[in-house]
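To keep things clear, I will list the structure first and then write my remarks on it.
Counting starts at 1 for both ligands and their atoms, in listed order. Numbers here are sequence positions counted from 1.
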Amino acid sequence: MGVRDRRVLHAIELVPRPCFVPIEGRSRSWNNAPVPIGEGQTISQPYTVAAMVELAAIAEGANVLEVGAGSGYAAAVMAVLAGPRGVVTAVEIRRALSERARENLDAARAVVDESQQIPGGWNGAAAQIVVVHGDGKEGYAGAAPFDAIICSAQARSVPPRLFEQLGDRGVLVAPVYGGGTATMTTFRRAGDSFLETHHGLYSFVPLV
Ligand code: SAH
């Protein structure tokens, strides 16, 4: 579906997605469709996560922020890309979901797929993940500056704090909503300016 970065495809392969889907939706967890995770929210479809993290160009050791942790799945995929020296901070505004994201991540960490031959399973290859209950429109100053910021909910404009907390050469990826759909938009910082590029149409739950 257009995602070519082998590191991204490998990360998607490694993370046990069913651990992030409630039991009633689990048989559909690998469908390329959003699945309900409670509180009226959805886990993004695998292709959408792959496309977003490919755009974010997450390198080994990266310091990453996600706005909208939801199930915790995208955070886990990004943690594999950032590797053991990286950090992923995932902010979630709905308390129940932030708690569930932590539980899902714990459950997923316990999955060791022998076929993948990584000591400690996917988790052995992953960055530390910190799930924060809070308003991601504020970013997370305590862990800034970030090499990559992913916004997993759509908004008419990107909250200014997120630009402020993006490090030099950092990339912010966000679905920017207008006229019924959201355009996947990246902003790469170069000093005080941002290079904006557009990457297709998507549909996300709203940033609140
Ligand atoms: N990346 C998630 C998908 C999450 S859907 C996954 O892999 O499962 C978007 C999430 O953004 C929802 O959980 C919603 O509660 C959350 N959200 C919406 N507005 C937010 C805000 N202002 N700050 C933090 N999270 C927010």
I'd like the atom pairs linking ligand 1 to the protein - N or O on both sides, separation under 3.5 Å - with distances to 0.1 Å.
unit_1: ligand 1; atom_1: 1 (N); unit_2: Glu66; atom_2: OE2; d: 2.8
unit_1: ligand 1; atom_1: 1 (N); unit_2: Gly68; atom_2: O; d: 3.3
unit_1: ligand 1; atom_1: 1 (N); unit_2: Ser152; atom_2: OG; d: 3.4
unit_1: ligand 1; atom_1: 7 (O); unit_2: Ala74; atom_2: N; d: 3.1
unit_1: ligand 1; atom_1: 8 (O); unit_2: Ser71; atom_2: N; d: 3.0
unit_1: ligand 1; atom_1: 8 (O); unit_2: Ser71; atom_2: OG; d: 2.6
unit_1: ligand 1; atom_1: 13 (O); unit_2: Glu92; atom_2: OE1; d: 2.8
unit_1: ligand 1; atom_1: 13 (O); unit_2: Glu92; atom_2: OE2; d: 3.4
unit_1: ligand 1; atom_1: 15 (O); unit_2: Glu92; atom_2: OE2; d: 2.6
unit_1: ligand 1; atom_1: 15 (O); unit_2: Arg94; atom_2: NH1; d: 2.7
unit_1: ligand 1; atom_1: 19 (N); unit_2: Val208; atom_2: N; d: 3.0
unit_1: ligand 1; atom_1: 22 (N); unit_2: Asp135; atom_2: OD1; d: 2.9
unit_1: ligand 1; atom_1: 22 (N); unit_2: Val208; atom_2: O; d: 2.8
unit_1: ligand 1; atom_1: 23 (N); unit_2: Gly136; atom_2: N; d: 2.8
unit_1: ligand 1; atom_1: 25 (N); unit_2: Ile93; atom_2: N; d: 3.2

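Between Tyr202 and Tyr47, the angle of the ring planes stays under 30°, which puts this pair in the parallel group of the 30/60° scheme.
Checked by atom type and distance alone, the side chain of Asn63 pairs as donor or acceptor with a backbone atom of Pro145 at under 3.5 Å.
Between the side chains of Glu196 and Thr186, no donor-acceptor pair is found at a separation under 3.5 Å.
Clustering ILVMFWY residues whenever any of their side-chain heavy atoms sit less than 4.5 angstrom apart, transitively, puts Leu201 in a cluster other than the one holding Met52.
Contact check on Asp135 versus Lys137 returns a salt bridge, with a Lys/Arg side-chain nitrogen under 4.0 Å from an Asp/Glu carboxylate oxygen.
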Please step through salt bridge (Lys or Arg N to Asp or Glu O under 4.0 Å) for the pair Arg161 and Glu164, ending with a clear verdict.
CA-CA 5 Å; Arg161 292 271 182 277; Glu164 288 168 22; 3.4 Å; yes
